[in-house]
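Working notes, structure below.
So you know, we letter chains A, B, ... as the sequences are listed, proteins then strands, and number each from 1.
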There are 2 protein chains.
Amino acid sequence: MGRSAMTFPAHGERPLSRKEGKAVTRTRLLDAALAILDDEGEAGLTTTSVTRRAGIAQSSFYVHFADMDDLVHALIDELTVRRLRQVREVRRQARTVPYDADALRATFRVPIQHAVEHPQIFRLLVRSRYDRSTALGEWSRAALEEDRRALVEDLHRAGMPRRTAAQRRRAAMVADGLAGLVEALVLGHLEGRYADVDEMIDVLMAFSTGYFPMLTDSPSAVEAIASAWKQLRASRR
Amino acid sequence: MGRSAMTFPAHGERPLSRKEGKAVTRTRLLDAALAILDDEGEAGLTTTSVTRRAGIAQSSFYVHFADMDDLVHALIDELTVRRLRQVREVRRQARTVPYDADALRATFRVPIQHAVEHPQIFRLLVRSRYDRSTALGEWSRAALEEDRRALVEDLHRAGMPRRTAAQRRRAAMVADGLAGLVEALVLGHLEGRYADVDEMIDVLMAFSTGYFPMLTDSPSAVEAIASAWKQLRASRR
DNA sequence: TGCCGCGCCGATAGGAGTATCGCCAACTCG
DNA sequence: CGAGTTGGCGATACTCCTATCGGCGCGGCA
C-alpha cells in the first residue's frame, strides 16, 4: 500500500479514480464538519479536528478548501440544496390538496420526517439561528424566514385575512407558532421523549384547531374562542 | 490616579472598599462573559476576550476565577438563582387563581416579560440546549426539563388525565408545545417582528384553545376537534 | 504609622491551531 | 512509456490563548 493513511469505504471492485478519490475526501471533510458542529459546536470546529475525524493529515485540508470559512460556506451550500428539495416537497404537499385534516397532518409529517431522518441538519438549523457573527447564523435565519414567509402564504391562501398590517402580523405569529410547535415536538422526539410521530401529529392537530377561527375574518373567530372557554367550563362541572 | 486602568462606574460619593472593588470586577467579568456568549457564542469565550471587555488585564482573570470552566460555572450559578426567582413567580401565578382566560394570559405574560427584560439570558438558555459537551448545555437542558415537568403538573391539575403512560406523554407533548409557542413568539419579538406583547398573547390564547378538550378525559375531547373542523368547513361555504 | 495582604499589571513559557513549504508516490494523458 | 499533475504527507513558522511569575501600589489593620 502507498504512503496514504486513508482507507476508502467499500466501492465495488475497481479502485477509485483520482477525481473520485478527491470527491470522497471532500465529502468526508464536510461530513466530519457537520458531525463536529453537532457534537461540539463552533468552538470545536478546527482544521485539526475536521481532518482528524475525516482521517487525513491536517495540511491536506488546504487541498480541498482555502480556509475554514470556505469549508463552512461549502457546507451551507450543500445544506441549502438539501433543504430546497425538502421545502419543495412541503410546498407541493401544502398546495395540491384541499385544506382538510388529512392535508394538515401531511403538512406536519413532511418536515417531521426530514428532521427525524437528518437530525444533525435539523439541530444545526435551529441552533445556528442564535449565532450573531457567523455564516451559519445568517444561513439559518434566512432559511427560517423563508419557511415563515411560505407558511404565511399558506395561511392566507387558506383564508386568513391579509388586508391590514395587523392581520399580516397575526398570520406571521401563527406561522411562527406552528414552526415553534413542530420544533418543540421534534426535539422531544430526538431527545428520546416521544417515539410515536402520529401521536406528535395528534397534538399538533389539536393545537392547530386553535387558529382555525382566524381562517375567516368573521365574528365567528371571536365566538369560537368564547365557545371554547364555555365548553371547557361546561365540561368541568 | 493609581496604576490601574480600571474605571469604576459612578458609585455615589465615597470610593469603593477593596472588597467592593473586587466584587465589582467579578461582576464585570460575568457580565462580559454573558455578552460574549450572546455576541459570539462559546467559540469567542476566552480569558483574553472576557478581560478585554471587562476592562482589566488578561492575567487579572485568575484573581477571580481558577480557569474558564470556573467562570462558566459561576455564570450558571448566577443564572440559576435568577431563574429560580422567575420560576417561583410563574408557579405562584399558575397556582393561586382559577383556570380561566385571565389566569392563562398571566401565565403567558410572566415568562414573556422575563425574556424581554433579559434577552441575553433567554437566548443563552434556548441556544445552549443543543450543546452536547458543555456545562451550559447541561444547565439549559436541566432548566427546560424542570419547566416542562412543572407545566405538566399544571395541566394535570387543570384536569388533563394522567392515569396511563400515554396520557402523561400527551401532557408532556402539550407542555413542550406551549413552551415552543412561547419561545417562537418571544424570538419574533426579540428579532423585531412583533412589538405588542398583548397581540402575542392573543395568538398564544388562540393556540391554547386547541388543547382545552384534552383537559377532560371524555368523548367531548374528540367531539371538540371534530366540531372545530365542522365549524371551519361551515364558515368557508 | 508601618507592615502585610492583595488586586492589578506586564512579561513570558508552553500549547494548540493556522497556513505554507517542499517532498513523495501514483494517477493521467499524449 | 515518460513527463506532468496532484492529493497526500511531515515539518515548520507564526499567531493566539492559557496560566504562571514577579512586581507595584494601595487599602486595611494592629
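- Straight-line distance from the CG atom of B/Leu29 to the P atom of C/dC8: 8 Å, rounded to whole Å.
- When rounded to the nearest whole Å, the span between CZ of A/Phe65 and P of D/dG7 equals 13 Å.
- Rounded to whole angstrom, the span from the CG atom of B/Leu16 across to the P atom of C/dG7 amounts to 14 Å.
- Nearer the 5' end of DNA chain C, as judged by each residue's closest nucleotide, is the contact made by B/Ser60, out of A/Leu45 and B/Ser60.
- Note: NE2 (A/His64) to C1' (D/dG7) measures 7 Å, nearest angstrom.
- Atom C1' of nucleotide D/dT18 and atom CG of B/Leu71 are separated by 14 Å, given to the nearest angstrom.
- For the pair A/Tyr62 OH and D/dG10 P, the interatomic distance rounds to 16 Å; values are reported in whole Å.
- Of the charged side-chain nitrogens involved, none lies within less than 4.0 Å of a carboxylate oxygen, so that B/Arg169 and A/Asp196 do not count as a salt-bridged pair.
- Here A/Asp154 pairs with A/Arg157 in a salt bridge; the nearest charged N to carboxylate O distance falls below 4.0 Å.
- The interatomic distance linking A/Lys19 (NZ) with C/dA26 (C1') rounds to 16 Å, in whole Å.
- The phosphate of D/dG10 has neither OP1 nor OP2 within less than 4.0 Å of any side-chain N or O from A/Ser59.
- A salt bridge is absent between B/Glu145 and A/Arg193; no separation between the charged side-chain nitrogens and carboxylate oxygens falls under 4.0 Å.
- Sequence order on DNA chain C of the closest nucleotides to B/Val63 and A/Gln58 puts B/Val63 first from the 5' end.
- A donor N or O paired with an acceptor N or O is found under 3.5 Å between the base of D/dT6 and the side-chain atoms of A/Arg18.
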> Does the side chain to side chain contact (heavy atoms under 4.5 Å, CB included) test come out yes or no for A/Arg83 and A/Glu146, once each step is laid out?
Replying inline: CA-CA 11 Å; A/Arg83 272 188 55 83; A/Glu146 177 59 25; over 6 Å; no

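- The nearest whole Å value for the distance from the CZ atom in B/Phe61 to the C1' atom in C/dG10 is 18 Å.
- Dashed line: the shortest gap from a side-chain N or O of B/Thr48 to OP1 or OP2 of D/dT18 is under 4.0 Å.
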